[in-house]
Asker: 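Sending over a structure as C-alpha cells; questions will come in a sec.
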Amino acid sequence: MKKILLMTITAALMAASCAFGADSAAPAPADTAAAPAAEQEASTAVPATISTGTANTIIKPTAAAPAFQMLERIETIIYGRALEGGLINRLNEVEKTVFGRELPGSLTERQTALLDFLEKGTATQPSVLFKLSVAEWGLEQRIHPTWSLSRRIDTMEGILEGAVQGGPLISRLERLLTKVLPDGVNSVPFTLPKETIVKGALLDTLTVRNVKVDDIIILALSEQIVVGDMLVAPVGSRIFGHITKVKPPRSFGRSSEIEMVIDSIEVLGPSVVPVNIGEAAKKALEADSAIIGAAGASLAGAILLGPVGLAGGFLIRGNDKQLKEGTLFYAQTSEEAQVLAYQIPSQITPITQPEGSAPQGTQSVPVPQY
C-alpha cells in the first residue's frame with residue numbers, strides 16, 4: 001500500500017510539473033550490451049550529497065535523514081537557506097513554490113518524492129537540476145550550482161525576458177527551456193574515461209585563520225568537460241575537497257601549512273565522480289603553466305607550492321594568505337565512471353567545442369557534420 005501511495009505522489013509530481021519535457025527515454029549507447037566485462041565493472045557516479053545552495057552551506061543528509069534535515073535540504077535547494085516554522089507548513093510552502101499546489105501523501109513520502117524529483121529524476125526524465133543546468137549552459141555556457149533554484153530561474157528570466165516572472169518554478173523553467181533548447185533535454189548514460197582532466201578555481205581564499213581540519217572546500221570548474229558531443233560537466237560545476245591539516249606560522253620563521261585533498265567533481269545528474277592528483281593532472285599543469293603564468297593567474301601545483309604530497313593532496317606552505325580565491329588546481333578522474341550526460345545537438349556543437357583538444361585534456365573535438 002505504501003509503495004502504491006509513493007507511486008501516486010510521484011505521478012502527481014510529474015503532472016504538477018506541467019508536462020515538463022518530452023516523455024521519452026534517453027537512448028543508451030549502441031554498444032552498451034556488448035561492452036566488455038571490464039567496462040561493466042567501472043565505477044558509477046553516486047548522487048551528490050552536498051546540498052545546492054551557497055558555496056559554504058553544506059548539508060549532508062543520509063537516506064534515513066530526520067524529517068527536519070530532509071526538509072532543510074529541499075529548502076536549501078529551492079531558496080538557498082532553511083526556513084522557520086513547523087514541518088507541515090514549510091513543506092506546503094515549498095510545494096506551492098515549486099508546483100503551485102500542495103501534493104498528497106504523508107510528510108516522509110512527499111519529501112522523498114520531491115527530493116527525488118529535484119535531484120534524481122526518473123527512468124524517462126532527467127532531474128530538475130539536470131535540466132536547469134543544461135538550460136543555463138545553453139544560455140550562458142556555464143552553470144551556477146551554488147545559487148538557489150529560485151535565483152537561477154530568476155536570473156535566466158532576466159536574461160531572456162527582461163524581468164522576473166511569477167508562477168510555479170517548474171512551469172517557469174519549462175517555458176525557459178522551450179526558448180533555449182526547444183527540442184527538449186534528455187540525459188544519456190555515458191562512460192566518463194579514466195584520467196579525464198578536471199581544472200578548477202578556488203571560490204574563497206584559504207588561510208590558516210579561516211580553515212580547519214575536515215572543512216569542505218569548494219572549487220568551480222574552469223573548463224567544461226565535454227567528450228565528443230557529450231556534455232558531462234559545464235563550467236562552474238562544483239569540485240569538492242577537504243582540509244586534512246592546518247598549522248599556523250611558528251617560531252624561528254617556520255611557515256604556515258595547509259594540507260588539502262581534492263575528492264570529487266559534481267557532474268550533470270547531479271552526481272559526484274571521484275578525482276585525485278595523478279600523472280595526467282601533473283602533465284596538464286605543466287602544459288598550461290606558461291600560459292597561465294603569463295596571464296597573471298595563481299596556479300596551484302609544483303611550480304608555486306613545491307612537491308605534491310599526501311597521496312594526491314596539496315601541501316601548501318607559506319604566509320597566512322598563501323592561496324587566494326581563483327587559484328587554479330588540476331585533478332583527474334580516478335577510474336571510469338558511469339554518468340548521465342547531455343548529448344549536444346549537432347547544430348550547436350561547433351559553437352561549444354573549439355578545434356582540437358581542449359586545454360584541460362578532455363578530448364573535446366567537434367562532431368563531424370554530414
Side-chain angles (χ1 to χ4, degrees), residues 35-52 55 58-63 119-120 127 129-130 133 143 145-146 187-203 213-227 230-245 259-285 300-301 308-315 328-342 358 360-364:
E39 292 183 13
Q40 299 296 330
E41 295 174 359
S43 63
T44 300
V46 298
T49 56
I50 298 183
S51 174
T52 299
I58 306 301
I59 302 175
K60 300 177 69 176
T62 63
E119 293 189 315
K120 293 183 180 179
S127 70
L129 291 177
F130 183 103
S133 291
I143 64 173
T146 61
S187 59
V188 178
F190 180 71
T191 301
L192 181 64
K194 179 181 179 179
E195 298 185 353
T196 297
I197 300 303
V198 175
K199 178 179 174 182
L202 282 176
L203 292 180
V213 173
D214 293 331
D215 275 359
I216 295 175
I217 304 301
I218 300 181
L219 303 87
L221 187 67
S222 299
E223 295 177 0
Q224 66 183 7
I225 298 178
V226 176
V227 184
M230 294 294 181
L231 175 67
V232 176
V235 170
S237 298
R238 292 180 297 184
I239 303 167
F240 300 116
H242 72 281
I243 301 297
T244 55
K245 186 167 80 171
E259 293 179 356
M260 183 178 81
V261 173
I262 299 179
D263 302 304
S264 59
I265 179 172
E266 184 179 49
V267 299
L268 290 173
S271 61
V272 292
V273 173
V275 298
N276 60 19
I277 311 300
E279 289 302 317
K282 294 176 187 178
K283 289 179 181 178
L285 164 69
V308 175
L310 304 175
F314 286 93
L315 173 59
L328 296 172
F329 284 80
Y330 290 72
Q332 64 191 61
T333 52
S334 306
E335 301 291 341
E336 284 187 349
Q338 304 302 318
V339 301
L340 294 177
Y342 172 67
Q360 85 281 18
T362 54
Q363 302 173 1
S364 300

Asker: To the nearest 0.5 Å, tell me how far Ser334 OG sits from Lys194 NZ.
Answerer: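 With rounding to 0.5 Å, OG (Ser334) is 8.5 Å from NZ (Lys194).
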
Asker: Out of curiosity, Ser222 OG to Tyr330 OH, how far, rounded to the nearest 0.5 Å?
Answerer: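 So the gap between those two atoms works out to 8.0 Å.
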
Asker: Start with the C-alpha gap between Val227 and Phe190, add the side-chain angles, then the distance that decides, and say whether side-chain contact (heavy atoms from CB on, under 4.5 Å) holds.
Answerer: CA-CA 10 Å; Val227 184; Phe190 180 71; 3.8 Å; yes

Asker: With distance as the sole test, does Glu195 use its side chain to make a donor-acceptor pair with the main-chain N or O of Ala280 at under 3.5 Å?
Answerer: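 Not confirmed, Glu195 side chain does not pair with Ala280 backbone.
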
Asker: Apply side-chain contact (heavy atoms from CB on, under 4.5 Å) to residues Gln332 and Asn276 and explain how you reach the verdict.
Answerer: CA-CA 6 Å; Gln332 64 191 61; Asn276 60 19; 3.3 Å; yes

Asker: Nearest heavy-atom pair of Leu328 and Lys199: which atoms, and what distance?
Answerer: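 What the structure gives for the nearest pair is CD1-CE, 4.0 Å.
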
Asker: Checking Ala220 now: which residues fulfil side chain to side chain contact (heavy atoms under 4.5 Å, CB included) with it, not counting sequence neighbours?
Answerer: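 Listed in chain order: Leu203.
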
Asker: Closest approach of Ala341 and Phe130, non-hydrogen atoms and distance?
Answerer: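 Looking at all heavy atoms of both residues, the closest pair is O-CZ, 3.6 Å.
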
Asker: Distance check, rounded to the nearest 0.5 Å: Glu266 atom CD versus Ile143 atom CD1?
Answerer: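 Reported value, rounded in 0.5 Å steps: 7.0 Å.
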
Asker: With side-chain contact (heavy atoms from CB on, under 4.5 Å) as the criterion, how do Ile262 and Val198 come out once you've worked through the C-alpha distance, each side chain's angles and the decisive distance to 0.1 Å?
Answerer: CA-CA 10 Å; Ile262 299 179; Val198 175; over 6 Å; no

Asker: Show the numbers, then the answer: is there a side-chain contact (heavy atoms from CB on, under 4.5 Å) between Val339 and Leu268?
Answerer: CA-CA 8 Å; Val339 301; Leu268 290 173; over 6 Å; no

Asker: Indicate the atoms forming the closest heavy-atom contact of Ile265 with Ala233, along with that distance.
Answerer: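 Looking at all heavy atoms of both residues, the closest pair is CD1-CB, 4.2 Å.
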
Asker: Can a donor-acceptor pair be found between the side chains of Gln338 and Thr191 at a distance below 3.5 Å?
Answerer: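 There is such a pair between these side chains.
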
Asker: For the atom pair CD1 (Ile217) and CD1 (Ile239), what is the distance rounded to the nearest 0.5 Å?
Answerer: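 The CD1 atom of Ile239 is 13.0 Å from CD1 of Ile217, to the nearest 0.5 Å.
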
Asker: Find out whether Ser237 and Val267 are in side-chain contact, i.e. whether some heavy atom of one side chain is under 4.5 Å from a heavy atom of the other.
Answerer: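 No, too far: nothing below the 4.5 Å cut-off.
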
Asker: Could you tell me which non-hydrogen atom of Leu231 sits nearest to which non-hydrogen atom of Gln224, and how far apart they are?
Answerer: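 Taking every non-hydrogen atom into account, CD1-OE1, 4.1 Å.
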
Asker: When rounded to the nearest 0.5 angstrom, what is the spacing between CE in Met260 and CG in Leu202?
Answerer: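 Taking CE in Met260 and CG in Leu202, the distance rounds to 5.5 Å.
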
Asker: Which value, rounded to the nearest 0.5 Å, describes the distance between Ile277 atom CD1 and Lys282 atom NZ?
Answerer: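 It is 9.0 Å, given to the nearest 0.5 Å.
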
Asker: Under 3.5 Å, side chain of Thr333 to main-chain N/O of Pro193, donor-acceptor pair present?
Answerer: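 Flag set: sc Thr333 to bb Pro193 pair under 3.5 Å.
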
Asker: Residues in side chain to side chain contact (heavy atoms under 4.5 Å, CB included) with Ser264, at least two apart?
Answerer: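 With sequence neighbours excluded, Ser264 shows a side chain to side chain contact (heavy atoms under 4.5 Å, CB included) to Phe240, Val272, given in chain and number order.
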
Asker: Considering only heavy atoms from C-beta outward, does the side chain of Val273 approach that of Val232 to under 4.5 Å?
Answerer: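 Sidechains of Val232 and Val273: no contact.
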
